[in-house]
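In what follows, every heavy atom counts, from backbone to side chain, and hydrogens, waters and symmetry copies are set aside. For the single chain, residues carry numbers from 1 onward in sequence order.
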Amino acid sequence: MLNITGLSAGYGAIPVLHQISMTIASGESLGILGHNGMGKTTFLRCLVGALKPTAGSVLLEGHDITRMAPHGRARLGMAYVPQGREIFATLSVRDNLRMGLVKTRRTAAPELDALLVDFPRLVPLLDRAGGSLSGGEQQLLALARALAGKPRVLLLDEPTEGIQPSIIEEIAETLTSLRDRLGLTIVLVEQNLDFIATVSQRVLVIKRGRLGEEIPREHLSDLAVMSEYTGVHA
């Protein structure tokens, strides 16, 4: 699905990513751990096209998207939920979701009805302004809006930040269900060890902009061992 080779990037004269290479299979959920400032968000911004790499390449199902604009990547099936959610605060929940349908050019009502089956918590909130929702509800809205476009690859940046535990569990259940049911490919940047272990089938570590070791699958449920790998504590 995604083939990343020698990816390097930075901001001005400040290098951040150094020669990142990995392959992500179709239908796989890959977690990426690391301290703040290690390059995780920069990595996602390169994948979605918000930041041009200084070296390397990104292929999506064989298509070279390294220099492609974000809207072109969206048309090829890539969606991004940034840290901080970035919903349209003054628009209703319904209109936020309709914005997610723009690239599909489908009739809104049937598509939204189908989408909301996976997001029942949003149903009674459809006429409320996005900015009036709680942080957890906004995160569900951001996730639903991204999925409205029926992506094949979903990029998530710190989706549990500042969210109550009950909604974190709901997001984890929704993501694993969509992955298993639809074959959705997920790339998840996260510091919540419990969440990343629940959602991810494979976990990699980024340290100082370089790709570190992969955490063996049998260790994903042992938060103490994961903390030793990453220095991030549950």
Side-chain angles (χ1 to χ4, degrees), residues 1-74 76-84 86 146 151-161 175 179 184-193 195-197 199-217 219-220 225-232:
M1 171 64 74
L2 274 171
N3 289 286
I4 300 140
T5 306
L7 194 67
S8 298
Y11 301 94
I14 303 173
V16 176
L17 289 183
H18 307 278
Q19 295 291 310
I20 299 288
S21 297
M22 67 176 73
T23 299
I24 304 166
S26 178
E28 179 182 18
S29 52
L30 173 71
I32 298 176
L33 277 169
H35 283 299
N36 288 332
M38 293 294 104
K40 305 185 304 300
T41 294
T42 299
F43 174 66
L44 289 187
R45 295 189 71 223
C46 284
L47 293 189
V48 80
L51 179 67
K52 292 182 180 180
T54 55
S57 63
V58 180
L59 273 62
L60 174 59
E61 292 193 324
H63 299 280
D64 189 342
I65 63 170
T66 310
R67 303 294 171 183
M68 186 178 288
H71 67 269
R73 301 180 197 220
L76 288 178
M78 183 176 285
Y80 177 46
V81 180
Q83 187 176 16
E86 296 186 10
R152 291 174 291 166
V153 180
L154 179 65
L155 311 178
L156 299 167
D157 193 356
E158 305 276 6
T160 71
E161 185 179 45
L175 289 174
R179 179 197 69 204
L184 181 66
T185 303
I186 299 170
V187 182
L188 167 66
V189 160
E190 184 55 76
Q191 293 196 73
N192 182 319
L193 298 185
F195 181 82
I196 204 169
V199 173
S200 304
Q201 297 164 315
R202 188 162 59 105
V203 175
L204 301 173
V205 179
I206 288 183
K207 297 180 179 179
R208 295 185 178 87
R210 301 183 186 277
L211 194 63
E213 55 199 317
E214 179 175 340
I215 300 177
R217 185 170 175 77
H219 291 167
L220 295 185
V225 173
M226 288 182 69
S227 295
E228 290 296 321
Y229 276 104
T230 65
V232 176

Ignoring hydrogens, what is the shortest heavy-atom contact between [X] and [Y]? Give both atom names and the distance.
X: M1; Y: V153; answer: SD-CG2, 3.6 Å
X: S8; Y: Q19; answer: OG-N, 3.0 Å
X: I20; Y: I4; answer: O-CG2, 3.5 Å
X: G27; Y: T185; answer: N-OG1, 2.8 Å
X: Q83; Y: T41; answer: OE1-OG1, 4.1 Å
X: L2; Y: V58; answer: CD2-CG1, 4.1 Å

[atom1] of [X] to [atom2] of [Y]: how many Å apart, nearest 0.5 Å?
X: F43; Y: M38; atom1: CZ; atom2: CE; value: 16.0 Å
X: L17; Y: C46; atom1: CG; atom2: SG; value: 5.5 Å
X: E161; Y: N192; atom1: CD; atom2: CG; value: 11.0 Å

Between [X] and [Y], is there a donor-acceptor pair closer than 3.5 Å when you use the side chain of the first and the backbone of the second?
X: R73; Y: T66; result: yes
X: T5; Y: S21; result: no
X: R179; Y: V199; result: yes
X: K40; Y: I32; result: no

Member of L156, D157, L44, T160 meeting the side-chain contact (heavy atoms from CB on, under 4.5 Å) criterion with L188: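 Result: among L156, D157, L44, T160, L156 is the only option passing the side-chain contact (heavy atoms from CB on, under 4.5 Å) with L188.
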Criterion side-chain contact (heavy atoms from CB on, under 4.5 Å) on M68 and L60, from CA distance to verdict: CA-CA 11 Å; M68 186 178 288; L60 174 59; over 6 Å; no
Residue R67 excluded, over 12 heavy atoms near CZ under 6.0 Å: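 Above 12, so yes.
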Beyond-backbone contact of L155 with M78, side-chain heavy atoms, under 4.5 angstrom: yes
Side-chain heavy atoms of Y80 within contact of L47, under 4.5 Å: no
L175/S29 under side-chain contact (heavy atoms from CB on, under 4.5 Å): CA gap, chis, key distance, verdict: CA-CA 9 Å; L175 289 174; S29 52; over 6 Å; no
A146: side-chain contact (heavy atoms from CB on, under 4.5 Å) partners, not counting sequence neighbours: A79, V81, L154
Trace of the side-chain contact (heavy atoms from CB on, under 4.5 Å) decision for V189 with I206: CA-CA 10 Å; V189 160; I206 288 183; over 6 Å; no
Residue pairs, two or more places apart or on separate chains, that pass side-chain hydrogen bond (donor to acceptor under 3.5 Å, both in side chains) and touch residues 46-63: E61-R152
Salt bridge (charged side-chain N to carboxylate O under 4.0 Å, His left out) partners for E28, two or more places apart: R202
